Amino acid sequence: MGIEDDDIAKVRAAADIVQIVNGYTTLKRVGRRWQGLCPFHTEKSASFSVNSEDGLYYCFGCQKSGDVITFVREKEQLDFVGAVEWLANKYSITLRYTERGEDEGRKRRTKLVDAVRKAVEWYHTRLLESADAGEARKYLRARGFDGDAVRRYKMGWAPDDAKQWDPLCRYLKLNDEDLRASGLGAINSRGRQYDFFRGRVLFPIFDDRGDPIGFGGRILPGHDGPKYKNTSDDAAIYSKSKILYGLNWAKEHIVQAGEAIVCEGYTDVIGFATAGVPRAVATCGTALTEDHIRLLKRFSPRIVLAFDADAAGQNAAARVYEWEQKLDVEFSVADLPNGVDPGELALTDPARLAAAITNAKPFLGFRVERVLSSGNLRTPEGRARTAQTAVDVVREHPSDLVRDQYLMTIADRCHLDPDHVRAAARGAARVAPGRVTNQPEPRGAMMPVDHAPRRRPMRENAEDEALRLLVHRRTEIIDRLEPVLFDSDARRDAYEALVSATDLHRAIAEASPDTAALLTRLAVDEPDGDPDQAIVDLSRYATSRVLDQLRREAASVREPEDLRAYSDVIDWLRHRLAELDDAEKRMSAAALLVAWLAENAEGPAGE
Ligand SMILES: [Zn+2]
């Protein structure tokens, strides 16, 4: 994965899971565990539990589980390497990478990010303090950005000071190659370094981890030059087709709301946040790409477009449907007033801006509504023409179930027979039959998850108790358990994983996701059970199960000799079962039963 195993182990050992989790919720000590309100779902009573010795957490409400690295991955929305780096940074551990090239690449990236970070601070201070930034400050105030917003978004001012050597370049002291690679500057015809963003108000762009990687620069009104200038794609750490402005601030809110908003400008992102909708991001001077959608999908499968999606045209629509199918995301369109961008609306009517998101319409619904509301529905000819235009829009959608519902809406609004509209949709169809699919909608995955704890049957509780003991007090019980004592597949898998691995972490790492989650849950439980009682309970359930099976088989046996064999076994098991309730005999009976069950798991005397 890139980082040396030893270093990952070092990070794991150094990281204090209680300290890390306490950054997101408050844990209280309960017995040998720590408990608190779950940082992953909303709840009133604490169902989040942490085992600090083994470094594991489990939520009895939403079933989230894992170790300190998983926790950081989930909360900070990082990949594995990113989470290890985040922790290593916190605990001052130097990481080594498995491939030298990768190591070099990361070093280089760190160097360039550091340069951009220094530039962010330099421009920002310049905007706040410098006399030559007066016009920039005035411009930002007029756009509704107060000092708080300027500081929060680290806005900056790149002075237009070319008389001498550029002040930024003089401050950074980068060599030409690094200056170019950082995207901060270039070399003029006289071989002089110059600041790429001269004379612009700057919006620093951070990647989703919060590393500064570039800028969007806005020219001041009345000055020459393009309105916006962004960091060039030639810069080594910046790629506009993969970057979304604001994701570093919005990601947590996107996950919470299960919804991301995509708009077109830096000021729109900030406008949404000030209107109380802090989950907007913007593309940086480019149309939405598949990479953008893949990035957003890591945080939420629902995406609201807060720009004029219709103006983007038919190609955009085709891409949206393709992404919906291929990437399993769902697009809708914000209900914005015509011709007003979100940044402006945030200033004049923030409540209306928030409502635009609440009232977002499915992508196709939005487009059909556009056609219907702009058509002339007063004459038969007008209605027919409008219906045909709307049908053409509907025909682009790949699902016939979805298409048919909109066709009925069109029929209704244009006062036409639904069958005629359907016929019009079939006629001269532009959609190839191969693309037409029958996906059931809406998708079940969008439904809220029911967090109510399920009641487990007694037998499963007994199996859990035995596993819990195996996790916490391994030596007291491991020699007395057998796979046959576990009726549930999941629990038998967990048992096998625990027995074959040398320790809990290895068992979790090597198990399937379900089994790993079960093991983690058991690890955060209080190990207060009694091994003797666990063995007695398990052998009672397993024996009862086998007895039921033997009785069913015996009912269809014809040969007297076979029948006797069955009844001997059944009698023997019944006696041992009865002894399980006898305080004197229960442990020897349990031991006999476990041994018998291990030998004869499949049936009587292995016949
Ligand atoms: Zn939870």
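Fair warning: this is a prediction, and the values are worked out from it, not measured in the lab.
A donor-acceptor pair under 3.5 Å is formed between the side chain of T409 and the backbone N or O of Q405. Remark: side-chain polar atoms of D268 are not paired, donor with acceptor, to backbone N or O of A282 under 3.5 angstrom. Although no hydrogens or angles enter the test, the distance criterion places a donor-acceptor pair under 3.5 Å between the side chain of T70 and the main chain of D67. Using a distance-only test at 3.5 Å, with no hydrogens or angles considered, a donor-acceptor pair links the side chain of H124 to the main chain of M155. Between the H415 side chain and the P380 main chain, no donor and acceptor come within less than 3.5 Å of each other. Remark: the backbone N or O of D493 is not paired with any side-chain donor or acceptor of T515 at under 3.5 angstrom. Between the side chain of H292 and the backbone N or O of I243, at least one donor-acceptor pair lies under 3.5 Å. Without hydrogens or angle criteria, H420 side chain to D417 main chain gives no donor-acceptor distance under 3.5 Å.
Shown here for A275 and A354, the closest heavy-atom pair between the two residues is O-CB, 4.4 Å. Closest of all the heavy-atom pairs between C284 and Y238 is CB-OH, 3.3 Å. For the pair I508 and L519, the tightest heavy-atom approach, listed with the atom from each and the gap, is CG1-CB, 3.9 Å. Of all non-hydrogen atoms in P212 and V120, the two that sit nearest each other are CB-CG2, 4.0 Å. Across every non-hydrogen atom of P301 and D328, the tightest pair is CB-O, 4.1 Å. Taking both residues in full, the closest heavy atoms of S300 and A260 are given as OG-N, 3.9 Å, listed atom of the first, atom of the second, then distance.
The pair R141-D146 fails the salt-bridge criterion, with no side-chain N (NZ, NE, NH1 or NH2) lying under 4.0 Å from an Asp/Glu carboxylate O. No salt bridge links D487 with R492; every basic N to acidic carboxylate O contact stays at or beyond 4.0 Å. The pair D548-R545 does not meet the salt-bridge criterion, since no charged nitrogen lies less than 4.0 angstrom from a carboxylate oxygen. Taking 4.0 Å as the cut-off between side-chain N and carboxylate O, K64 and E74 count as a salt-bridged pair. Salt bridge absent: K297 and E290 never bring a charged side-chain N and a carboxylate O closer than 4.0 Å.
For R209, the CZ atom sits in a packed shell: over 12 heavy atoms of surrounding residues, nucleotides or ligands are nearer than 6.0 Å. Heavy atoms of other residues, nucleotides or ligands lying less than 6.0 angstrom from CD of Q256 number more than 12. More than 12 heavy atoms of other residues, nucleotides or ligands sit less than 6.0 Å from atom NZ of K75.
For Y57 and W34, the distance between ring centers is not under 6.0 angstrom. Ring to ring, F203 and F215 are not that close: their centroids are 6.0 angstrom or more apart. For F60 and F48, the gap between ring centers reaches or exceeds 6.0 Å.
S332 places none of its side-chain heavy atoms less than 4.5 Å from the side chain of R302. Counting heavy atoms from C-beta on, the side chains of H223 and R200 never come closer than 4.5 Å. The shortest distance between side-chain heavy atoms of R352 and D335 falls below 4.5 Å. Using a 4.5 Å cut-off on side-chain heavy atoms (C-beta onward), L416 and R383 make no contact. At least one side-chain heavy atom of T267 sits less than 4.5 Å from a side-chain heavy atom of F145. In this structure, P342 and L336 have side chains that are in contact, with non-hydrogen atoms separated by less than 4.5 Å. Within the 4.5 Å cutoff, side-chain heavy atoms of L364 are placed close to those of V402. Considering only heavy atoms from C-beta on, T26 stays 4.5 Å or farther from L37 through its side chain.
A donor atom on one side chain and an acceptor atom on the other are not found under 3.5 Å apart for Y245 and N230. For the residue pair D392 / T389, no side-chain donor-acceptor distance below 3.5 Å is found, with atom types taken as modelled. Using a 3.5 Å distance cut-off with no hydrogens or angles, the side chains of Y24 and E76 do pair a donor with an acceptor. E43 and S47 form a side-chain donor-acceptor contact under 3.5 Å, judged by distance and modelled atom types alone. Counting only N and O atoms by type, the side chains of T283 and T286 include no donor and acceptor under 3.5 Å apart.
Note that K229 lies in the cation-pi zone of F196, set by a 6.0 Å cut-off to the ring centre and a 45° limit from the axis.
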Show, in sequence, the C-alpha distance, side-chain angles and deciding distance for R422 and L407, and conclude whether the side chain to side chain contact (heavy atoms under 4.5 Å, CB included) test is met. CA-CA 7 Å; R422 287 187 179 120; L407 292 176; 4.3 Å; yes
Please lay out, stage by stage, how R370 and N338 fare under the test side chain to side chain contact (heavy atoms under 4.5 Å, CB included). CA-CA 11 Å; R370 260 292 163 93; N338 271 338; 3.2 Å; yes
Apply ring-ring contact (aromatic ring centres under 6.0 Å, His included) to residues F71 and F40 and explain how you reach the verdict. CA-CA 10 Å; F71 187 87; F40 296 108; 5.5 Å; yes
Check the pair E369 / R413 against salt bridge (Lys or Arg N to Asp or Glu O under 4.0 Å), numbers first and verdict last. CA-CA 10 Å; E369 189 53 44; R413 294 277 291 279; 3.2 Å; yes
Yes or no on side chain to side chain contact (heavy atoms under 4.5 Å, CB included) for T231 and I213, after CA distance, side-chain angles and deciding distance? CA-CA 9 Å; T231 296; I213 50 169; over 6 Å; no
Determine, step by step, whether D207 and R109 satisfy the salt bridge (Lys or Arg N to Asp or Glu O under 4.0 Å) criterion, reporting the C-alpha distance in whole Å, the side-chain angles of both residues, the deciding distance to 0.1 Å, and the verdict. CA-CA 13 Å; D207 69 9; R109 184 190 145 87; 2.8 Å; yes
Are D79 and R73 close enough, and set up right, to give a salt bridge (Lys or Arg N to Asp or Glu O under 4.0 Å), and what steps lead you there? CA-CA 6 Å; D79 62 8; R73 286 183 68 169; over 6 Å; no
Please determine whether side chain to side chain contact (heavy atoms under 4.5 Å, CB included) holds for the pair L288 and W323, giving the CA-CA distance in whole Å, both sets of side-chain angles, and the decisive distance to 0.1 Å. CA-CA 11 Å; L288 267 181; W323 292 332; 4.1 Å; yes
Determine whether Y139 and R218 satisfy the following criterion, side-chain hydrogen bond (donor to acceptor under 3.5 Å, both in side chains), listing intermediate values before the conclusion. CA-CA 10 Å; Y139 165 77; R218 170 76 160 84; 3.2 Å; yes
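Atom CZ in F363 sits 6.5 Å away from atom CG in L305 (nearest 0.5 Å). Between atom CG of residue L56 and atom OG of residue S65 there is a gap of 8.5 Å, rounded to the nearest 0.5 Å. I293 CD1 to R319 CZ: the interatomic distance, rounded to the nearest 0.5 Å, is 9.0 Å. The distance from the CG atom of L522 to the CG atom of L467 is 5.5 Å, given to the nearest 0.5 Å. Taking CG from L220 and NZ from K138, the interatomic distance works out to 10.0 Å, rounded to the nearest 0.5 Å.
Partner D208 forms a salt bridge (charged side-chain N to carboxylate O under 4.0 Å, His left out) with one of R294, K242, R298 and no other, that one being R298. Checked options Y153, F272, Y228; the residue passing with Y266 is Y228 (criterion: ring-ring contact (aromatic ring centres under 6.0 Å, His included)).
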